Number of protein chains: 2
Amino acid sequence: MKAYDYDCPVEATLEVIGGKWKATCLYYLIEGPKRFSELMELLETASSRILSKQLKELEEHEVIKRKIYSEVPPRVEYSLTDYGKTLLPLIEMICDWGERRLEKTGKKAIYNESH
Amino acid sequence: MKAYDYDCPVEATLEVIGGKWKATCLYYLIEGPKRFSELMELLETASSRILSKQLKELEEHEVIKRKIYSEVPPRVEYSLTDYGKTLLPLIEMICDWGERRLEKTGKKAIYNESH
DNA sequence: CAGCATCCCTAGGGATACTG
DNA sequence: CAGTATCCCTAGGGATGCTG
């Protein structure tokens, strides 16, 4: 067993937000709770299996919470926890830097177009 | 071919800093240029192959530059580019959040101990 | 609707050895 | 010293289909 878990604290953060869709999910959750299907639509190219896995991991890291409504058809809403909200400035900074990089590289993001 | 490169700008950032050691490398480069062997010592558990790959990718993304000194034995120094320096506040915020997470989870990072 | 189950695949990461 | 070269391996991600 190792004496340390990380080389540097930055790794502890990347472990939480570093999955393929995680930061993007968090970003979309900033504006408020979203259901599974809403996230699916926003993350056009993600499969439901992967998305649900990433959401589960975010939940395990306690940055989002999952609320189940006992209805038919089923309804589930994901939202940021208080702890997750501490990530907010970080996520926004990540998004800002990404936007500048889009300008620099000429690449495009769906999100940018729809705003 | 896809019409878009990303769903959201956050992905453009994660593409740059999201590799296993990338953010950590950037973090250590904040204090100034470092040679390959210095980074190897700081990133205790990274292999030279991986580290050199990650550095090469950071270089391709134009956030670090590689300076070769024509000496024997060879000497190479890595440092942040001006563009890379625009990542600075972000990296520091990532580190801060990571530190708070270390406190919360009781995990440890080498870096924290040595300071 | 909100997901698991199953199967599959490759890219990222790692160990070890070797060179200019 | 600062890397490649080679081989290997698994974890993350993806396609498709099924269920409560």
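Because the structure is a prediction, the values reported are computed rather than measured. Worth knowing before you read on, the calculation uses all heavy atoms, side chains too, and leaves out hydrogens, waters and symmetry mates. Numbered from 1 within each chain, the chains take letters A, B, ... in sequence-line order.
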Checklist entry - What pair of heavy atoms forms the shortest contact from B:K22 to B:E15, and how long is it? => result NZ-O, 4.2 Å
Checklist entry - In whole angstrom, what separates A:E71's CD from C:dG3's P? => result 14 Å
Item to check | Selected nucleotide, minimal atom distance to A:P73 side chain, candidates D:dA2, D:dG13, C:dC1 | outcome: C:dC1
Item to check | Whole angstrom value for the distance that separates C1' of D:dG3 from CG of B:L58 | outcome: 16 Å
Next on the checklist: Please determine whether any donor N or O and acceptor N or O are separated by less than 3.5 Å between the side chain of A:S52 and the base of C:dC4.
Outcome noted: no
Checklist entry - Within 45° of the ring axis of B:Y83 and under 6.0 Å from its six-membered ring centre, is that where the NZ or CZ of A:K104 lies? => result yes
Checklist entry - Which part of the nucleic acid, if any, lies within reach of B:Y69 when heavy atoms closer than 4.0 Å are counted: base, sugar-phosphate only, or nothing? => result nothing
Next on the checklist: I need the B:S48 OG to B:M40 CE distance, nearest 0.5 Å.
Outcome noted: 5.0 Å
Checklist outcome for this item: Winner on side-chain proximity to B:S37, out of D:dG13, C:dG13, D:dC1, is D:dC1
Next on the checklist: Taking donor-acceptor contacts at under 3.5 Å, does the side chain of B:R49 reach the base of D:dG3?
Outcome noted: no
Checklist entry - In whole Å, what is the span from the CD atom of B:E15 to the C1' atom of D:dG12? => result 17 Å
Checklist entry - Under 4.0 Å between a side-chain N or O of B:R66 and OP1 or OP2 of D:dG3? => result yes
Checklist entry - For the pair made of CZ in A:F36 and P in D:dT19, what is the distance, rounded to whole Å? => result 18 Å
Next on the checklist: Applying a 4.0 Å non-hydrogen cut-off, can you work out what A:S48 is touching in the nucleic acid: base, sugar-phosphate, or nothing?
Outcome noted: base
Checklist outcome for this item: B:I50 CD1 to C:dA11 C1', in whole Å, measures 11 Å
Checklist outcome for this item: The nucleotide from C:dA2, D:dA2, D:dG14 with an atom nearest the side chain of A:R75 is C:dA2
Checklist outcome for this item: To the nearest angstrom, the CG-P distance between A:L42 and C:dA2 comes to 13 Å
Item to check | Cluster overlap B:I64 with B:Y69, hydrophobic side-chain contacts below 4.5 Å | outcome: no
Checklist entry - Between B:K53 and C:dG14, does any side-chain N or O lie under 4.0 Å from OP1 or OP2? => result no
Checklist entry - Taking atom types as modelled and ignoring hydrogens, do the side chains of A:Y4 and B:E44 form a donor-acceptor contact shorter than 3.5 angstrom? => result no
Item to check | Distance, rounded to the nearest Å, where B:L43 contributes CG and C:dG14 contributes C1' | outcome: 14 Å
Item to check | Upstream residue (5' side of DNA chain D) when A:W21 and B:P74 are each assigned their closest nucleotide | outcome: B:P74
Item to check | Touch class at under 4.0 angstrom, heavy-atom based, for A:Q54 against every strand present | outcome: sugar-phosphate
Checklist entry - Side-chain N or O of A:K20 less than 4.0 angstrom from OP1 or OP2 on D:dG14? => result yes
Checklist entry - Whole Å only: how far is the CD atom of B:E57 from the P atom of C:dA11? => result 13 Å
